[in-house]
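Scroll down for the structure; my scribbles are underneath it.
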Amino acid sequence: MKAQTLDVLIVGAGAAGMMCAIEAAKRGRRVRLIDHARAPGEKIRISGGGRCNFTNLGIHPAAYLGENPRFALSALKRFTQHDFIKMVDRHGIAWHEKTLGQLFCDDSAKDIIRMLTDEMKASGVTLSLNLGVKAIQHGTDGFTVDLDDGSRVQARSLVVATGAKSIPKMGATGWAYEVARQFGLRVTDTRPGLVPLTFEPSLLESLKPLAGVAVDAVVHHQLPKGADPKRPAKPTEFREGLLFTHRGLSGPSILQISSYWREGEAITIDMVPGEDVAARLLAAKAENGKQMVHTAMGHILPRRLAEVLCDRAGLKGKLAEQGDKKLRLLAESAKAWTVKPVGSEGYRTAEVTLGGIDTTQLDQQTMEARTVPGLYFIGEAVDITGWLGGYNFQWAWSSGWAAGQSC
């Protein structure tokens with residue numbers, strides 16, 4: 001069988017793969033990008049509520065997790081959020097900043113996909129969709145790759161940009177890990193990240209009236225004694241929205257903390273950050289002792305949440321009928337609710353996959369496998385995971401850019 005000869009074959013037409021293709025082709029490489037999906041950039045299309053949170057103004061090392069999160073620094077410093085913003089501006093895409101430095105398209109995530117596909121066309125990238133890989137062999141001349149359509153490609157460099165396991169309905173798989181293992185590379189343990197957390201049935205039943213209730217919250221996680229020393233030991237907390245669901249908890253603060261939490265561990269939630277709830281309840285008691293307890297709490301928290309907290313505390317009747325100690329305990333239930341989720345909603349709803357290709361196996365400057373010349377891994381497949389808010393897209397752009405300068 002006669003093989004098509006290329007300089008670079010990239011598998012995975014997502015954020016990282018398209019960026020890598022653009023940069024490699026700009027350097028005069030013959031580049032082909034393939035994907036088993038019907039369209040490029042499917043995760044880009046659905047991200048940010050359809051408006052794509054494409055980066056963050058505050059990219060910083062502490063926002064990344066992995067066995068060695070500092071691995072990401074080289075790529076992030078050489079192709080920054082400001083470099084990507086310049087690219088967006090050059091294509092006339094309007095954008096705006098939301099909270100915490102998050103940047104979104106004014107119109108549609110499709111604008112980002114169009115920008116990337118236009119850049120690929122301009123630089124001469126060949127894009128092939130509805131096409132997967134059957135087998136890969138490595139030899140002195142590079143890689144021989146057999147494709148699903150029966151054709152064969154000979155490429156000096158092979159770039160794996162197929163993402164990871166999160167959101168399988170979009171076609172996500174662990175194929176990148178299979179390729180890594182084929183060539184003797186270690187893959188760290190993987191699990192869902194940026195994912196809603198779930199409760200056990202009896203707790204769910206008691207919180208059933210709260211489904212759909214949202215509050216601003218500070219969610220705190222601290223490693224228990226005896227935890228894996230490789231995990232970040234510093235206490236972690238996020239202040240963002242929290243949402244009660246029919247399964248447990250969601251919202252940005254919960255998605256963020258889920259990347260640090262492990263099964264069997266507790267989280268602590270302040271549902272009224274910046275407020276002295278005990279002081280407010282005691283002042284309300286002094287001013288109007290005839291006021292019902294749940295009414296007083298309803299001035300501090302959403303009504304349904306106030307009622308559930310009062311019920312769980314066993315407090316009914318008027319404020320004047322409650323001892324100060326009981327009111328302080330009620331306040332504590334709002335300010336420091338400690339709860340143990342039993343799990344998460346899994347890869348089905350996870351925005352990212354934690355873990356992946358061991359970064360000690362890769363060159364941080366180029367993303368090339370140290371023991372397999374010409375083999376590159378970029379984006380979510382690598383053991384680098386960012387916070388919610390554009391950090392993972394920036395890692396995709398930066399790691400794709402870095403590989404594109406070398407492959």
Side-chain angles (χ1 to χ4, degrees), residues 3-4 6-26 29-47 50 52 54 108-136 143-180 182 347 351-353 356-357 367 374-382 392-393 395-397 399-401 403-404 407:
Q4 178 191 22
L6 299 169
D7 294 312
V8 186
L9 176 65
I10 303 170
V11 185
M18 287 192 280
M19 179 60 78
C20 181
I22 292 164
E23 292 300 315
K26 282 181 180 177
R29 299 296 193 263
R30 294 166 296 171
V31 180
R32 186 177 181 188
L33 173 62
I34 69 171
D35 198 298
H36 64 185
R38 292 177 296 175
E42 284 292 84
K43 277 195 176 180
I44 298 174
R45 181 180 60 80
I46 66 168
S47 67
C52 187
F54 56 82
S108 170
K110 292 178 182 178
D111 291 338
I112 298 294
I113 299 172
R114 191 177 304 112
M115 173 188 79
L116 296 167
T117 55
D118 285 350
E119 288 271 344
M120 288 196 296
K121 288 176 185 175
S123 55
V125 175
T126 300
L127 174 62
S128 302
L129 299 168
N130 291 305
L131 186 60
V133 174
K134 274 187 176 179
I136 303 169
F143 297 86
T144 301
V145 182
D146 292 327
L147 304 178
D148 284 344
D149 64 357
S151 65
R152 177 173 288 174
V153 172
Q154 183 73 36
R156 285 191 292 173
S157 296
L158 174 65
V159 182
V160 179
T162 53
K165 299 177 180 179
S166 56
I167 318 182
K169 69 179 181 182
M170 303 297 296
T173 70
W175 185 79
Y177 309 147
E178 296 174 20
V179 176
Q182 176 184 339
Y347 291 114
E351 296 201 16
V352 294
T353 300
I357 315 301
M367 308 301 297
L375 179 62
Y376 298 77
F377 292 89
I378 57 178
E380 191 183 352
V382 180
N392 288 295
F393 270 129
W395 168 243
W397 313 133
S399 61
W401 181 91
C407 63

**OP:** Assess whether side-chain contact (heavy atoms from CB on, under 4.5 Å) is satisfied between M18 and I44, documenting all intermediate values.
**Re:** CA-CA 11 Å; M18 287 192 280; I44 298 174; 4.0 Å; yes
Original post:
To the nearest 0.5 Å, how far apart are CD1 in I113 and CD in E42?
Top reply: 7.0 Å
**OP:** To the nearest 0.5 angstrom, please state how far the CE atom of M120 sits from the CE atom of M115.
**Re:** 10.5 Å
**OP:** Given side-chain contact (heavy atoms from CB on, under 4.5 Å), test V11 with W175 step by step and report yes or no.
**Re:** CA-CA 10 Å; V11 185; W175 185 79; 3.8 Å; yes
Original post:
When rounded to the nearest 0.5 angstrom, what distance separates CE in M19 from CH2 in W397?
Top reply: 6.0 Å
Original post:
How far does CD of E351 sit from CD1 of I46, to the nearest 0.5 angstrom?
Top reply: 8.5 Å
Original post:
Would a 4.5 Å heavy-atom cut-off, applied to side chains only, mark C407 and M367 as touching?
Top reply: no
Original post:
What's the spacing between Q154 CD and Q4 CD if we round to 0.5 Å?
Top reply: 11.0 Å
Subject >> Atom NZ of K26: over 12 foreign heavy atoms under 6.0 Å >> reply: yes
Original post:
Taking atom CZ of R32 and atom CG of L147, what is their separation to the nearest 0.5 Å?
Top reply: 5.5 Å
Original post:
Under the criterion side chain to side chain contact (heavy atoms under 4.5 Å, CB included), which of L6, I10, D7, T126 is the partner of V31?
Top reply: I10
Original post:
Can you check whether V160 reaches Y376 side chain to side chain, under 4.5 Å on heavy atoms?
Top reply: no
